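Below is one structure, written out as structure tokens; the observations come after it.
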Amino acid sequence: MHATLQLTPEEEAVLRGEAGPGPRKAMEMVTALGRIYGAERLTPVESVQVSGVSYKNLGEAGLAFLQEWADQGARVQAPTLLNPAGMDMERWRELGITEGFAQRQEAVIRAFERFGIQPTMTCTPYLVASWPRPGSHLAWAESSAVSFANSVIGARTNREGGPSALAAAIVGRTAAYGLHLARNRQATLEVHLRAPLRDEADFGALGILVGRRAGQGVPAFVDLPEQLPTVGRLERLKTLGAAMAAAGAVALFHVVGVTPEARDEPALARAPERLVVESLAEAYALLNAPAEAVDLVSIGCPHASLEEIAQVAAGVAGRRLATRLWVTTARATRAEAERRGWVPTIEAAGGHVVADTCTVVAPIEALGVRTLATNAAKTAFYAPSHSRVAVRFGNLARCLEAAIHGRWPGGEV
Ligand code: F3S
């Protein structure tokens with residue numbers, strides 16, 4: 001038998017329209033989801049992250065939907081952040097974005113700002129805004145951020161859609177089902193590693209293999225800690241989570257001895273099914289097309305941390321790039337990297353440190369890009385379908401070599 005959704009008197013009042021048509025529409029959405037998924041109540045959310053920000057994906061219909069909702073007086077009741085947009089909001093001209101696209105993208109951001117949303121435009125809000133409290137309830141939409149929040153931070157969020165996240169922000173609540181409930185956070189698949197993980201690309205490749213197998217389940221990595229470096233640990237975990245969310249629909253994973261819930265409750269990481277990963281070759285084969293000339297090298301998916309920008313700067317210092325290089329990151333991270341001298345070093349080589357966007361949501365096909373090289377498994381997984389480009393996938397050293405010579409380097413992966 002389905003549980004019945006119980007609302008508080010205040011929630012009932014919003015549903016009757018007493019707070020106006022905008023909040024009523026939001027409450028209708030949140031309660032409809034709650035009923036579909038058998039929630040018994042709503043739960044207040046500490047923060048919200050809204051996706052569906054790029055005009056490339058939203059189009060005119062999406063923009064009109066946002067404007068109409070804002071016109072109805074809907075305003076956010078919880079701190080709310082935005083996922084990447086379709087362009088760098090300041091440097092779009094340098095990157096070749098057209099005036100027409102820029103004007104529509106700016107209209108989208110203005111519409112979101114009318115709700116009271118902070119225009120953060122990043123998929124790594126945990127690197128630039130506040131780090132949520134472990135155990136707190138969130139309504140985040142970007143799949144890699146959802147994975148990081150649940151797994152590495154130990155907060156609780158389902159993977160919201162763009163409109164459902166916005167609805168949760170407007171009522172300050174989400175329906176308590178799925179990963180908001182402790183009973184759904186148990187591992188479903190134990191992952192045992194026999195393959196060495198040499199670099200960030202290997203972590204992404206592993207994520208692709210595990211994501212495909214785990215689907216919507218909860219993988220638990222039993223022997224990963226031995227392969228996790230102390231420096232770059234968060235970066236490896238964000239890459240791994242992003243790839244699993246892309247190739248499957250993994251929104252939570254455990255790493256025995258590392259992630260908070262697996263540390264506090266080791267039984268959560270035990271699962272009836274096992275996956276033994278002997279080799280990553282299948283993932284590299286899946287993510288690589290046989291292209292040689294590279295038009296754009298993309299680093300920073302999920303958005304680059306300061307450490308990752310520093311590595312790019314060290315790799316291109318004093319060189320002259322033969323092809324375009326975008327390091328995509330949050331605006332606040334870019335500003336700090338500029339202060340530390342890494343942005344000027346990358347720019348002196350001919351590269352760009354791009355804020356607010358990424359190569360999956362920017363209209364790169366309109367910029368003449370046919371082949372893209374990346375060290376991010378998530379970008380490599382999505383770019384062929386989202387942007388109709390061929391992809392080369394390998395570690396940062398190989399990607400920077402491609403940027404310097406304009407060709408994907410030969411030799412073994
Ligand atoms: Fe972020 Fe774009 Fe990757 S939104 S996770 S950089 S595809």
Side-chain angles (χ1 to χ4, degrees), residues 49-58 81-89 95 105 108-109 112 119-129 140-152 157 159-162 165 200-201 203-204 207-208 211 234-251 287 296-305 308-309 312 325-334 352-365 369 372-389 391 393 396 399:
Q49 191 231 12
V50 175
S51 67
V53 181
S54 171
Y55 181 71
K56 170 175 157 176
N57 303 329
L58 267 183
L81 313 161
L82 278 189
N83 214 30
M87 63 182 200
D88 186 312
M89 300 306 292
L95 302 174
Q105 184 63 72
V108 170
I109 302 305
F112 277 122
T120 46
M121 277 89 83
T122 182
C123 51
T124 57
Y126 47 85
L127 292 180
V128 292
W140 284 14
E142 154 56 33
S143 67
S144 68
V146 165
S147 165
F148 194 93
N150 276 317
S151 317
V152 183
T157 176
R159 180 184 176 179
E160 300 285 346
E200 77 292 356
F203 274 80
I208 296 292
L234 286 190
E235 285 81 356
R236 299 286 195 276
L237 292 174
K238 84 175 159 72
T239 298
L240 174 69
M244 287 192 290
V250 173
L287 299 179
L296 173 65
V297 176
S298 168
I299 308 296
C301 166
H303 270 172
S305 66
E308 288 170 314
I309 298 175
V312 175
L325 166 68
W326 284 19
V327 184
T328 50
T329 191
R331 178 158 296 283
T333 311
R334 187 188 190 283
H352 294 277
V353 180
V354 179
D356 311 324
T357 189
C358 78
T359 48
V360 171
V361 295
I364 58 164
E365 58 277 36
V369 176
L372 175 143
T374 184
N375 65 343
K378 177 175 175 179
T379 294
F381 188 83
Y382 280 136
S385 58
H386 276 48
S387 307
R388 296 185 298 283
V389 294
V391 170
F393 169 69
L396 181 65
C399 287

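Note that the structure is predicted; figures quoted are calculated from it, not measured. One-based numbering, in listed order, for ligands and for the atoms of each.
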Practice item. Apply side chain to side chain contact (heavy atoms under 4.5 Å, CB included) to T157 and N150, showing your working. Key: CA-CA 6 Å; T157 176; N150 276 317; 3.8 Å; yes
Check your understanding: Per the side chain to side chain contact (heavy atoms under 4.5 Å, CB included) rule, which among S147, C123, P84, S143 passes with P302?
Key -> C123
Review point. Is a side-chain N or O of T239 found less than 3.5 angstrom from the main chain of F203, in a donor-acceptor match?
Key: no
Practice item. For H303 and V327, indicate whether the former's side chain and the latter's backbone hold a donor-acceptor pair under 3.5 Å. Key: no
Review point. Is M87 close to L95 at the side-chain level, that is, under 4.5 Å between some pair of heavy atoms?
Key: no
Point to revise | Count, waters excluded, of protein N, O or S atoms under 2.8 Å from atom 1 (Fe) of ligand 1 | key: 1
Exercise for review: Sequence neighbours left out, what passes salt bridge (charged side-chain N to carboxylate O under 4.0 Å, His left out) with R236? Give chain and number order.
Suggested key: none
